[in-house]
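Notes to accompany the following structure.
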Protein chains: 2
Amino acid sequence: MSDLVEFRHLKYIVAVAEAATITRAAERLFLAQPSLSKQVKDFEDELGFPIFIRTRQGVRITPPGQMIVAYAQEALLKRTKIIAMARAVHRGEVPPFRLGFSSFINPDLLQLFRDAYARLFPDCLIHLSGGDPLHLLHRLEEGTLDGALFPMPIDGQDWVMQQVARDPLVVCMQKEDPLARNAQVSLSDLAERLTIFRDPAVHPSAHNRLMEMLSQVGIVPEVSCSASTPVDIQWMVRAGYGVALIDQRTPIDSALTTRPIAGIHWTADTAFVHHNDADHLALPLVIRFAQEMRKSMSGKKPPLKDQVRPVQLELLA
Amino acid sequence: MSDLVEFRHLKYIVAVAEAATITRAAERLFLAQPSLSKQVKDFEDELGFPIFIRTRQGVRITPPGQMIVAYAQEALLKRTKIIAMARAVHRGEVPPFRLGFSSFINPDLLQLFRDAYARLFPDCLIHLSGGDPLHLLHRLEEGTLDGALFPMPIDGQDWVMQQVARDPLVVCMQKEDPLARNAQVSLSDLAERLTIFRDPAVHPSAHNRLMEMLSQVGIVPEVSCSASTPVDIQWMVRAGYGVALIDQRTPIDSALTTRPIAGIHWTADTAFVHHNDADHLALPLVIRFAQEMRKSMSGKKPPLKDQVRPVQLELLA
DNA sequence: TTCTTCCATAGACAAAAAGTATGGCGGCAT
DNA sequence: ATGCCGCCATACTTTTTGTCTATGGAAGAA
């Protein structure tokens, strides 16, 4: 099919497209004009359509030819780039990727990220730093982190972000809680019992958004307890201070359980974020991997049923 | 540099990586084993590092080799894909791209999109449909649109979206308005005069978001006038009904002017959206183009860098 | 040991890329 | 006009290189 198309051909047509005549392109490539003519012609024969229209003054590009030339430019750049990166990996010149993460993100996600990184950059290290989003953003800004995973939304214009996960937001309660008898929690029950929150100072924009969502369904909760990690939140739930909203895929304490909210489909969204000016060698591939994560995530929508998954993640290997 | 690396090499190393022995890979490729051995070796010499470690049982891949193999697989797929697309363009088999857009998006953006499409798919048509986001989303869902441009945030889980623009939100007023005498509008002045809004029914999530941002700075506006297009909004401003918030890059009536809000950096964000299941031939390239748009946008960001953090319209509601 | 299964090397051959020579065709200046 | 120049195509030769066959070595299995 297209097995006769080689990088050589791509290089040639890019040169021809730039030089606008085959003769001049041949000079630029240190090639005899008939050699180049033939290569271009062979390429066109293989494709099944002309890339260039020959005129007396030189060549003019055809519409599908334009697509091919654009592709060729990109493919050539990418080839040299990947090879340079692989050489750097071989020489052990890839600095550790410094990844920040909020303790509120799903640990599976962090694991997924690490696995993918190990696959893309074998034998290259990841340095993990936990922390609250405001602090992590600051570190991204000052360049002491290369990227971070944390809950959306994220304020600011200097960030490039890529959503990588979306999980239902569910109510976390004691297993013996009367609410746990039903498959779902009603809004009115939630309104009455919801008292435990993530510390607003830890991630103000996410807190505000949650408050907004609650107020839209007529709940103006009393924020009587706030915690800076999911573990602390669960401790408070266990200690009987009330119920809390958590990401469905948070690993939870064995004495606790979760229930969805009736008629509501709120979600906890996670993004991979890096600074506009960040330039870690691995970043381009990491970003593309984050896009894959988003795609695979949107493919399999989580079924809205609660499950207890007491998984403990080993943070540093 | 890497000019000796050809698609042939990529194909070979992918086969070797899959077969785990050079001998079996050679069979699969209908090639003699020494031929394949030599090609792999030549490739490795060119790269400067081994892709495979030879053992008696076959070959094992090296860390940088893994990167190269992963790249090779992708590059080979992409080559055939692009060629197939270009052939389709040549045969005139590309159906028109049905693009929806909200009248509230910046017209430059639509033009940019159309220009890019014309560049990527020369001689291929775009069918444009204006409308309100709820209606456009419905059409995306039923498959009568291939993609759409409209203001964020966007509700729902079935969408793939890509932010493509971010512009400051400014106050639109008559040129003779007393507020126009100052370079900026104070929040208290805004609170008093802001009465004209986009019709909430046109894009409820965006309206709610705006209301939330306003309430965060202590403004609970009276929505006395609503309009379904920027033109109608400007007509109301001109007719003296009050002031309105608009995208800074909206083309405005000659009798009107705009002013930023003091200490506030709200933005109007635009996204390119398509359905999870959409599969227009051009979509992959269009999506990549949308990513470019985002990058170029974040490159020339407005030079605002003071104490008040700009509020981002969240990526996903 | 002996057989098998890998991979590497060497030399012959064939395919294909690059080079040289030449011709046609249409502008352009004389 | 007419002759010159620039551009591309074709025909044929040379050089490069990809592929083949034959063969050897090394390590695990019988």
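The model shown is predicted, which means the values in this text are computed figures rather than measured ones. Lettering follows sequence order; numbering is per chain, from 1.
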Check your understanding: Between B/H274 and B/F272, what is the ring plane arrangement, given parallel below 30°, perpendicular above 60°, and tilted in between?
Key -> tilted
For A/D45, the side chain to side chain contact (heavy atoms under 4.5 Å, CB included) test, sequence neighbours excluded, returns A/K41
In the 5' to 3' direction, the nucleotides of DNA chain D bounding the stretch that comes under 4.0 Å of a heavy atom in chain B are D/dG18 to D/dA27
Residues B/D108 and B/N106: closest non-hydrogen pair is N-OD1, 2.7 Å
Check the pair B/K78, A/E74 against salt bridge (Lys or Arg N to Asp or Glu O under 4.0 Å), reporting the backbone distance first and the verdict last. CA-CA 11 Å; B/K78 188 155 172 186; A/E74 187 202 299; 2.5 Å; yes
Heavy atoms of A/I13 and A/A72 approach each other most closely as CD1-CB, 4.1 Å
Taken to the nearest whole Å, NZ/B/K41 to P/C/dC6 is 22 Å
Looking only at heavy atoms, the pair that brings B/V273 and B/W159 closest together is CG1-CB, 3.7 Å
Report the C-alpha distance between B/K38 and B/E44 in whole Å, list the side-chain angles of each, state the deciding distance to 0.1 Å, and finish with yes or no for salt bridge (Lys or Arg N to Asp or Glu O under 4.0 Å). CA-CA 10 Å; B/K38 182 174 186 306; B/E44 290 174 323; over 6 Å; no
Flag for B/Q39-B/R8: side-chain donor and acceptor within less than 3.5 Å | yes
Within residues 21-38 of chain A, the residues having a heavy atom closer than 4.0 Å to DNA chain D are A/T21, A/I22, A/T23, A/Q33, A/P34, A/S37
Practice task
Flag the pair B/F7 / A/F7 as yes when their ring centroid distance falls below 6.0 Å, and as no otherwise.
Solution key: yes
Numerically ordered, the residues 7-15 of chain A set in heavy-atom contact under 4.0 Å with DNA chain C is A/R8, A/Y12
request  = Assert yes or no for the condition that the ring centre distance of A/H280 to A/F97 is strictly below 6.0 Å.
outcome  = yes
message: Could you tell me if B/S37 and B/Q33 have a donor-acceptor pair between their side chains, going purely by distance under 3.5 Å?
response: yes
Ordered by number, residues from residues 54-70 of chain B within less than 4.0 Å of DNA chain D (heavy atoms) are B/R56
Nearest heavy-atom approach of A/D146 to A/L140 is C-CD2, 3.9 Å
Sorted by chain and residue number, the salt bridge (Lys or Arg N to Asp or Glu O under 4.0 Å) partners of A/E93 (sequence neighbours excluded) come out as A/R91
Here the distance between atom P of C/dA8 and atom CD of B/Q39, to the nearest Å, is 13 Å
